[in-house]
Amino acid sequence: DQQVKQNSPSLSVQEGRISILNCDYTNSMFDYFLWYKKYPAEGPTFLISISSIKDKNEDGRFTVFLNKSAKHLSLHIVPSQPGDSAVYFCAASVNSGNTPLVFGKGTRLSVIA
Amino acid sequence: GAGVSQSPSNKVTEKGKDVELRCDPISGHTALYWYRQRLGQGLEFLIYFQGNSAPDKSGLPSDRFSAERTGGSVSTLTIQRTQQEDSAVYLCASSSGGWSQPQHFGDGTRLSIL
C-alpha cells in the first residue's frame with residue numbers, strides 16, 4: 001500500500017516555464033515532508049522540506065506547498081532550467097521527522113530548451 | 001572525501017552468494033541510513049544507525065539482510081544467500097542528526113543477482 005503517491009511518472013516543461021510536481025499521501029499522521037532530486041547514477045540530493053505547521057516554504061526557485069486537508073503537496077520550480085531535468089522524489093515522515101521517511105516512486109522532469 | 005562514499009559502485013553475483021556493501025559517511029555525521037531502490041520504485045528504508053543507540057532495523061526485508069556500523073563511522077550491509085529479487089540499487093545516506101535533518105546520499109551500489 002503506497003502511503004506516498006506521485007501519480008505522474010514523467011513531466012515535460014519548456015525552459016523558463018513553471019514546473020509543478022505533485023505528491024499525495026494517505027497517512028494523516030505525516031507531519032514532515034521533503035523533496036529530493038536525483039540525477040542518473042547519482043544519489044538523491046535534498047531540495048526543500050516543509051513541516052505541517054506551515055503551508056508554504058520557499059527557497060530560491062523552489063517552493064513547496066502543503067494542503068493538509070487534501071493530503072497533497074506540490075513542488076513548484078520557476079523558472080525551470082535544463083539542469084533541473086532529473087527524477088524528483090517526495091518523502092514524508094511522522095513524529096516531526098523522527099521516524100523513517102516514506103518515499104514516493106518519483107517523477108521524471110524533463111526541461112526542454 | 002567530502003561526500004558519502006559507497007563501494008563497490010556495481011556488483012554482479014550469482015544467486016545464493018553472499019554480498020557485502022560498504023558505506024563511508026560524511027565525517028562527523030552521527031546518523032547513517034541504508035535504502036534500497038528497485039527498478040521503477042521509490043526508495044525503501046532498510047536500517048538506520050544513530051550514534052550509539054541500537055539501530056532501527058524495522059525496514060530489513062528478511063533475516064538474510066544485516067548491517068553493522070563500526071566505530072560510529074563506516075557501515076557494511078550484508079545480504080546472505082542472495083535472491084534475484086535482491087537486485088536493486090542500494091543507497092547509503094548520512095546526516096548530522098535524526099530523520100528531520102537533510103540526508104546526504106552516496107551514489108549507490110547497483111547489485112545484480114544472476
Side-chain angles (χ1 to χ4, degrees), chain A residues 1-10 21-27 29-54 57 59 62 64 86-108, chain B residues 1-10 21 23-26 29-51 53 55-61 67 88-110:
Chain A
D1 178 36
Q2 276 267 297
Q3 295 187 68
V4 177
K5 299 178 184 178
Q6 294 178 256
N7 292 319
S8 298
S10 63
L21 297 113
N22 293 305
C23 179
D24 296 291
Y25 60 95
T26 58
N27 187 345
M29 299 299 291
F30 285 145
D31 59 6
Y32 184 65
F33 306 88
L34 308 90
W35 284 93
Y36 281 83
K37 176 170 77 172
K38 186 181 185 300
Y39 293 119
E42 294 184 11
T45 55
F46 169 75
L47 266 182
I48 193 167
S49 64
I50 189 167
S51 163
S52 61
I53 61 173
K54 294 185 174 182
N57 190 24
D59 183 2
F62 301 91
V64 56
V87 177
Y88 289 78
F89 290 98
C90 170
S93 175
V94 302
N95 195 22
S96 301
N98 288 316
T99 56
L101 298 177
V102 179
F103 283 82
K105 293 185 179 181
T107 296
R108 181 178 302 278
Chain B
V4 175
S5 177
Q6 291 187 246
S7 60
S9 54
N10 283 284
L21 312 179
C23 173
D24 279 280
I26 292 172
H29 277 187
T30 58
L32 187 146
Y33 317 78
W34 282 98
Y35 294 88
R36 174 171 72 176
Q37 185 183 16
R38 289 171 160 157
L39 190 64
Q41 302 297 312
L43 279 69
E44 178 187 356
F45 162 69
L46 296 177
I47 188 169
Y48 162 50
F49 296 90
Q50 170 63 311
S53 303
D56 178 350
K57 303 180 182 179
S58 61
L60 294 179
V89 175
Y90 289 82
L91 289 156
C92 174
S94 69
S95 78
S96 59
W99 289 101
S100 60
Q101 298 299 316
Q103 296 174 32
H104 300 263
F105 283 82
D107 290 341
T109 294
R110 182 174 296 279

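Note that these values count all heavy atoms, side chains included, but never hydrogens, waters or copies made by symmetry. Proteins come first, then strands; the chains are lettered A, B, ... in the order of their sequence lines, and each starts at number 1.
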Inset, instruction - Sort B/Leu91 into side chain, backbone, both or neither according to what part of it lies under 4.5 angstrom from a heavy atom of chain A. - result: side chain
Legend entry - Residues which pass side chain to side chain contact (heavy atoms under 4.5 Å, CB included) with B/Asn10, listed by chain and number, not counting sequence neighbours: B/Arg110
Legend entry - Selection from B/Glu44, B/His104, B/Gln41 maximising heavy-atom pairs under 4.5 Å formed with chain A: B/Gln41
Inset, instruction - Indicate yes or no for a side-chain donor-acceptor contact from A/Thr107 to the backbone of A/Ser8 under 3.5 Å, with no hydrogens or angles considered. - result: yes
Inset, instruction - Indicate the ring-plane relationship of B/Phe105 and A/Tyr36, choosing parallel, tilted or perpendicular according to the 30° and 60° boundaries. - result: perpendicular
Legend entry - B/Pro8 backbone acceptor or donor facing B/Thr109 side chain under 3.5 Å: yes
Legend entry - Geometric class of the A/Phe33/A/Tyr25 ring pair [parallel <30°, tilted 30-60°, perpendicular >60°]: tilted
Legend entry - Donor-acceptor under 3.5 Å (A/Ser93 side chain, A/Leu101 main chain): no
Inset, instruction - Please round to the nearest 0.5 Å and tell me the distance separating atom CG of A/Asn57 and atom CD1 of A/Ile48. - result: 4.5 Å
Legend entry - Inter-chain contacts: residues 31-40 of chain B against chain A, heavy atoms under 4.5 Å: B/Tyr35, B/Gln37, B/Gly40
